[in-house]
Structure formats: structure tokens, C-alpha cells
Protein chains: 2
Amino acid sequence: MDGTESAEQAIELLQQLGLKEYEACCFVGLTRLDTGTAKRLSEITEVPRTRVYDAIRMLEAQGLVEIQHSSPQRFRAVPLGEATETLRDQYEERVERLSQSLEDVEAVGEGDESPVQQVWAMAGRDAIENRTNQLLGQADDEIVFVVGDGSLLTEELIDSLNAVPSDIELLVGALTEPLEAEIRRGVPEATTFVSGLEWLHGERATEEATAIGRLLLVDRSTILVSSIVPESKEEQAIFGEGFGNGLVVIARRLMAQGLLGTRDPAQ
Amino acid sequence: MDGTESAEQAIELLQQLGLKEYEACCFVGLTRLDTGTAKRLSEITEVPRTRVYDAIRMLEAQGLVEIQHSSPQRFRAVPLGEATETLRDQYEERVERLSQSLEDVEAVGEGDESPVQQVWAMAGRDAIENRTNQLLGQADDEIVFVVGDGSLLTEELIDSLNAVPSDIELLVGALTEPLEAEIRRGVPEATTFVSGLEWLHGERATEEATAIGRLLLVDRSTILVSSIVPESKEEQAIFGEGFGNGLVVIARRLMAQGLLGTRDPAQ
DNA sequence: GGTTTTGTGATTAATCGAGTTACCGTGCCC
DNA sequence: GGGCACGGTAACTCGATTAATCACAAAACC
């Protein structure tokens, strides 16, 4: 612990960004110290003094702290703006290289053939949002979109909706009246409506309620339905495409797969 | 191994981005398979079949693969563009939250007082570049900048140089003639020159050559000198500010710290 | 000169991930 | 029906990191 409440959050995040525990502790320790020695750092943070040196060295190599080679040596954190920018750069570089590598690798013989009727499950707020944008962009005739939770109505989503060509019919619904108003404001082009999907929303049998996230139907041939699991706030979705049998099949599968009931939060 | 050469590179990168080995293997396995079962995947990749399921679940939770809940269940990777976008989003979100947390935490009593004459060491290409931009932006009178290696002349750097107000004297040097030409093209406003720093560049005594990276002197009061270690390609720098004794002191320190000789590559 | 700091290295303990095996349910072929 | 390959889950072993201590040499301080 670092004393302050949100310091621990910072440590947590730094670890998610790839730092070790000691490294993360030392870094936030330094941001609240401006400049300090190993001893001072080990007092503030719960990092044993003898391990501070290693941690700092690692941090320096990643461009997050500077070292003054005096005796005793002093450390200081790079200014916040520079630090975040550096982290961003590193990541951006990696993603870029990854993208390159993956392009050079596609295809190894045949993939399995698969039945016509496909239903895929996916999870993760960002991923589902990206898929949503993707689908919005490739619509030909008609889009039906229902937003079940205000938190899903992001900037990016509104942009995507506004980017829909005007010759495509755009129907956007919301589960509540105020949400609908918000949508009408953000996407004036769209025909908005309220709900019509309470049957999806309400609790089913005795199981606890599962909040409906979004429902997207493109050209009556591709559908994406998501729900938000109550506690973990994680969004999960099912996604179907390319079949002539219409919605009913999907809806049935939806039920069958328990998407509307409970499902163990992904690990 | 995955057969293909650059597949391993992708795996490497994915691990750096936070995935476990199995997860990384499964993901690239899927990108070259379009759609596949656990069995197929375990054949392509060297991941034991029984562990494919866990890996995939993790990947799904992160929004990188989709699962078809049939029997046998099928997996497929999210399209490359969506995947990278999702990774980007996740990271961006974390960095953003980190930034918030760290702002709420600054300052814990006094930092150590430190001597007037400060020399700080830092490392990492991105970090040094950021610091360079930072310094360029806060110059008042004069900027002297020497580029020792063409790879350092990035887009971003050129932008920063061009953003320097015209009432600030801007001197930009290069170690070679062609490099100077490139700079003159990219930054027409600047007064360019060649080298003048061979004494820094050449090998010293019998030690192997250390390539000079960049040298930046702002308002004659702040200096940043970097070198690029031959093998690891890592850039390391020293950075000094706020003293009236001019360059000489720094230069001497420079030598004393062996920046121009060899130094063990950070870990 | 003696004592406290400072820094490095080695050592132990705990954690986590890689790799393996055992086991249950389901369909399929004999 | 009995066996058998396949699909899926869950346990366990082993090895590599990492967190946490300890021992010790070199400086710095009084």
C-alpha cells in the first residue's frame, strides 16, 4: 500500500501495462516525491530498499524514470505527460509491428467448412463496439439498432451512426424515454423509437436480471445482440450472419444458449 | 513454432502485449485458419489440445476471438483490423485511467533537496524522443541540435522542429553530408551544418565505437546527449539543466560517466 | 576509527504458467 | 450392448519468474 487510496489503483494499472509490482510501486512512489533516494522510496512504498535499485533500473530502461548517478543516487519520475506518451508510443509500435506480421501469415491450407447457420459468441466491450461499427459501415439497405444501456452510447458509436449513408433506413431504439431523447439529439437523421423489447429485458423465471446491452440488425441478414452481466459489467454478445431463415432461428438460439439468463462471467 | 517465419514474431509481440504463450499461439493459429476446432488448432500450433480451450476462453474475454458453441465448437479470430483496434482501445483506456489516478496522488511532504548541478540519465528511444520534443517546445532563445543517426529523424521530430517559433535561433547539425541535406529539406527554416562533433563519434581508445545519437542544447542552459549502443540498438541519454557553468562541466561529466565508452546495456 | 548509509549479490519462499494426465459424457462402428 | 474415438473439463506436476530476506563490501559520515 502506498497510503493514498488511488495510488493503489495506479499500481494496479501499471501492472496491467506490463510492469512488475515493485516497479509499479516505485514509480508511483516517485511521482509523489518528485525526487528521492532508494531509502526514502523504500519508506514510502513497501518495497524493500535493496530491491529498489533493480526496479528503478527496469523503469529507466523503459523510459519512465531518470537516474542521477551520484552518491547516494537520486531518482525521479519522468513528468506524467511524457510518461504516458512514452507508454503509448511503445504500445503503438508493438501493435503496428503485430499488424505487419499477421498480414504476412494468413492462410494455411483449408479452414474447416462450417454449417450455413452460424452463431458466434464474443465478449469484451471494446471488441463488441468495434464489431458494431464494422457492421454499421457495411450495411446496404436497413439498420435496426437498439441501445439498452446509456453507457454504450459512446462518441464513436454516435459518429458511426451519423456516418451511415442517408439512403439506408436507420432505425434506432432505446429502452427508456430519456435515452431515446439523447439519441435523437445525437443522431438526428435516425428514426428513433422506444423499446419494444421488454421481453428481452425483464428477469426471466427466477434468475437474476441480465441487462440487455445492444441489439443490431443489419439488412435483416446479420444480427448482433449483447447483454451486460450485472456485476462484472462485462459485455458479451452473440453474432450471426448470412442465413435466409430470418430472425426466428436466431432468437431461438439466443434463448437456447442462455444468453438472456446467466452465464459464468468469462473467467 | 508455427511453421511460418513471421508467425513467431507475431507470437512474440502478442506476448509483449500481455498475452500468455498459449493464447498468442492460438491466436496466430486462428488467423491462418479462418475457422477451426480445438483439434485442428492443436495440430497447427504446438499447444496441447486440452489447453486450447482455456486459451481461447481468455482470448474471447479480451475480444480477440469468437466462439461458436456447437459440438465440436468452432473458433475464429476476429478480423485483423478489429483485433488491433480492440487492443489499442484497451491500452488507451488503461493509460487514460492511469493518468487520472496519478494526478490524484502527487506530493507527499518534501522531496529531497538536490544540488544545483544535476545530471540525469535516461534510456529508451521513445522516452528520449519525447523529452526532446518537450525541450524543443520550451526554448526561449536558441536551439542547437545535432542528429547523429538518420533513424532518429522521425516524422514527429521534424514536426517539432518546424513548430519552433521563428524568433528562436535554430541550428541543426548532422554527422554526414546526406543527412544534412535531408534535414535541410525537412526543416527549411533551420540553419543546418555538418558535424563538428567527430570527437564524440570516433572510437575512443580500444573500446568499440559508440554511436552518437543526438545532442540538444537549449538556451545554453539545458543539454541532452544520447548515444546508441551498438548491438541492442537501445538509446541512452544524459540530461542536464539549470546551471550557469555552461557546457564544459557537462562535457566533462559526460566523459566521466563513460557515456561515450561502453556501458552494460540495461539488463 | 568506528559507525551508519549505500549498493550488489546470493538465497529462500511463493506464485504462476507450461506441460501432462486422468476422467466423464457423447456419439459411432462393430 | 460393448467398445472406441472424439470432445471437453479438471486436476496435478514441474519449472521458471518474482517477491521477499539476508549477508557483505564499499562509501560516506561523525
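- Whole-Å rounding puts the B:Lys39 NZ to C:dG27 P distance at 19 Å.
- Residue A:Thr50 has its side chain nearest to C:dT8 when only C:dT8, D:dG8, D:dA28 are considered.
- Considering every non-hydrogen atom in both B:Val78 and B:Ala83, the closest pair reads CG1-N, 3.5 Å.
- No donor-acceptor distance shorter than 3.5 angstrom exists from the side chain of B:Gln68 to the backbone of B:Thr35, with no hydrogens or angles considered.
- Applying the 4.0 Å criterion to OP1 and OP2 of D:dA27, one finds that A:Ser71 has every side-chain N and O outside that range.
- Judged purely by atom type and a 3.5 angstrom limit, B:Thr45 has no side-chain atom pairing as donor or acceptor with the backbone of B:Cys26.
- Counting to the nearest Å, the C1' atom of D:dG7 and the CG atom of B:Leu41 are 14 Å from each other.
- The distance from atom OH of B:Tyr53 to atom C1' of C:dC24 is 14 Å, rounded to the nearest whole Å.
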Give me the distances for all protein-to-nucleotides 13-19 of chain C N/O pairs that come in under 3.5 Å?
residue: C:dG17; atom: OP1; partner: B:Lys20; partner atom: NZ; Å: 2.9
residue: C:dA18; atom: OP1; partner: B:Glu21; partner atom: N; Å: 2.8
residue: C:dG19; atom: OP2; partner: B:Tyr22; partner atom: OH; Å: 3.1
residue: C:dG19; atom: O5'; partner: B:Tyr22; partner atom: OH; Å: 3.4

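- Classification of the B:Tyr91-A:Tyr91 ring pair by plane angle, with boundaries at 30° and 60°, yields parallel.
- Nucleotide D:dC6 holds its C1' atom 14 Å from the CZ atom of B:Arg74, rounded to whole Å.
- Evaluated for a side-chain contact (heavy atoms from CB on, under 4.5 Å) with A:Leu135, the options A:Leu224, A:Leu217, A:Asn130, A:Ile223 yield exactly one hit, A:Leu224.
- Rounded to whole Å, atom C1' of D:dC6 lies 7 Å from atom CZ of B:Arg49.
- Heavy-atom minimum distance, B:Ala10 versus A:Leu98: O-CD1, 3.7 Å.
- Protein atom NE2 of A:His69 is 15 Å distant from nucleotide atom C1' of C:dT6, rounded to whole Å.
- The distance between atom CD of B:Gln68 and atom P of D:dG8, rounded to the nearest whole Å, is 11 Å.
- Following rounding to the nearest Å, B:Asp54 (CG) and D:dA10 (P) show an atom-to-atom distance of 9 Å.
- The backbone N or O of A:Pro79 lies less than 3.5 Å from no partner atom in the side chain of A:Glu82, so there is not a single donor-acceptor pair.
- Of the candidate nucleotides C:dA22, C:dG7, C:dT8, C:dG7 has the atom lying nearest to any side-chain atom of A:Pro72.
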